[in-house]
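Everything on this sheet refers to the single structure shown next.
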Amino acid sequence: MSRPDSSLATRLLPWAALLLPSLFWAGNFIAGRAMRDAVTPMTLALGRWLIALACLLPFAWRGMRRDARRYLAHRWLILGTAVTGVAAFSSLVYVGLHTTTASNGLLLNSLIPLLIVLAGAVFYRQRLTLGQGMGLALSFAGVLTLVLQGQWTQWRQVSLVPGDGILLVAMVCFAFYTLWLRQLPPELDRLGLTATQIAVAILVLLPFWLAERAGGTRTEWTLASGAALAYVGIFPSVGAYLLYTRAVQHFGPARAGLSIHLIPVFGVVLSALLLHERLHAWHAAGIAAIAAGLVCSNLAPARPGALIGKTGAPAPDKPR
């Protein structure tokens with residue numbers, strides 16, 4: 001018989017996997033924006049994944065060797081997830097943050113759950129449960145409340161810049177990454193799979209980094225830029241991706257994707273703690289709406305086939 005504390009940890013682990021990636025990715029957004037003038041986008045993206053691979057490889061090597069033949073059998077899915085969710089998403093976000101505003105970035109980032117649902121419906125015939133639809137609407141309304149600072153008439157004042165288009169492409173990439181990640185067999189070692197995806201992404205990013213250097217752009221290395229690179233290489237890269245992979249396997253892509261709406265929530269909290277920005281009533285209203293949306297979307301397990309439809313991939317695990 002398992003000990004009660006062990007059983008509690010088992011029940012809480014999926015929820016930690018659902019919540020912590022958004023916290024780490026919120027920090028990545030802040031670090032990328034803060035370092036935009038000191039560290040070039042491709043240097044930040046490539047350095048991030050080199051650090052992540054160095055952290056993972058000693059623990060992932062055994063699983064990578066064991067699953068090498070399975071990687072070949074699923075090579076296109078692994079290539080697709082590595083390119084979209086690892087290489088393209090991170091580099092496009094860093095490029096976009098050079099010109100877009102924080103408000104526009106948060107607004108575009110909040111589109112990821114909607115893009116997951118739309119792409120799943122169009123390409124994979126996925127169906128959305130009533131609870132998930134209500135949760136999506138509530139959490140999206142909460143994000144808009146945060147972005148518009150509680151003034152809903154301000155939506156007309158949001159102006160678009162080139163970085164917004166780049167960020168939108170990044171969000172589309174992450175939506176497909178989430179959908180394709182679910183189709184990878186759950187028996188693949190998660191550490192080995194993540195390290196393999198990162199290794200592929202590094203090979204994809206290397207030519208772009210060389211082209212960036214050939215163009216004359218250079219990184220200004222300081223203690224702050226080094227600390228920022230170390231952070232994005234460990235927490236948003238290793239921790240967040242491993243946990244998000246676990247969340248997608250446990251909750252399914254649509255429900256896990258809803259947790260992306262927590263990124264602006266954590267961004268608000270981090271800004272208050274680190275930048276000493278004031279919290280307002282509309283912060284509380286937006287955070288409450290997002291939390292209600294996440295709870296609503298997870299009130300009941302999804303019906304078999306409701307999230308994957310006719311793709312042949314297994315239905316999402318029931319929360320346990």
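Remember, predicted model here, so these are calculated numbers, not experimental data. The figures here come from the full heavy-atom set of this structure, side chains too, leaving out hydrogens, waters and symmetry mates.
In this structure, the separation between CG on L77 and CZ on R182 is 13.0 Å, given to the nearest 0.5 Å. Note that OG1 of T84 and CD of Q197 are 8.5 Å apart. Values are rounded to the nearest 0.5 Å. With values rounded to the nearest 0.5 angstrom, Y241 atom OH is found 10.0 Å from T194 atom OG1.
Residues satisfying the side chain to side chain contact (heavy atoms under 4.5 Å, CB included) test with D189, not counting sequence neighbours, are R66, D67, L191. T245 meets the side chain to side chain donor-acceptor pair (under 3.5 Å) test with no other residue; sequence neighbours excluded. With sequence neighbours left out, the side chain to side chain contact (heavy atoms under 4.5 Å, CB included) criterion links A16 to L20. Scored by the side chain to side chain contact (heavy atoms under 4.5 Å, CB included) test, F235 finds F24, Y231 as partners (sequence neighbours excluded). Not counting sequence neighbours, the partners of T219 by the side chain to side chain contact (heavy atoms under 4.5 Å, CB included) test are V39, T40, T43, W221.
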Side-chain donor-acceptor pairs under 3.5 Å in residues 46-59, sequence neighbours left out?
unit_1	atom_1	unit_2	atom_2	d
R48	NE	V232	O	3.4
R48	NE	S237	OG	2.5
R48	NH1	Y94	OH	3.0
R48	NH2	P236	O	3.4
W49	NE1	V86	O	3.4
W49	NE1	S90	OG	3.0

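If you run side chain to side chain contact (heavy atoms under 4.5 Å, CB included) between T81 and each of W76, F176, W180, only W180 comes through.
Checked against a 6.0 Å centroid threshold, the rings of W25 and Y244 count as neighbours.
Heavy-atom neighbours of L72 CG from other residues, nucleotides or ligands within 6.0 Å: above the threshold of 12.
The shortest distance between side-chain heavy atoms of H74 and P185 falls below 4.5 Å.
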Checking R190 against Q249 for the side chain to side chain contact (heavy atoms under 4.5 Å, CB included) test, could you report, in this order, the C-alpha distance in whole Å, the side-chain angles of both residues, the deciding distance, and whether it holds?
CA-CA 10 Å; R190 295 296 106 179; Q249 289 294 326; 3.7 Å; yes

Could you go step by step and tell me if R70 and E187 meet the side chain to side chain contact (heavy atoms under 4.5 Å, CB included) rule?
CA-CA 10 Å; R70 295 178 180 177; E187 61 268 17; 3.4 Å; yes

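Taken together through direct or relayed side-chain contacts under 4.5 Å among Ile, Leu, Val, Met, Phe, Trp and Tyr, L18 and L138 form parts of separate hydrophobic clusters.
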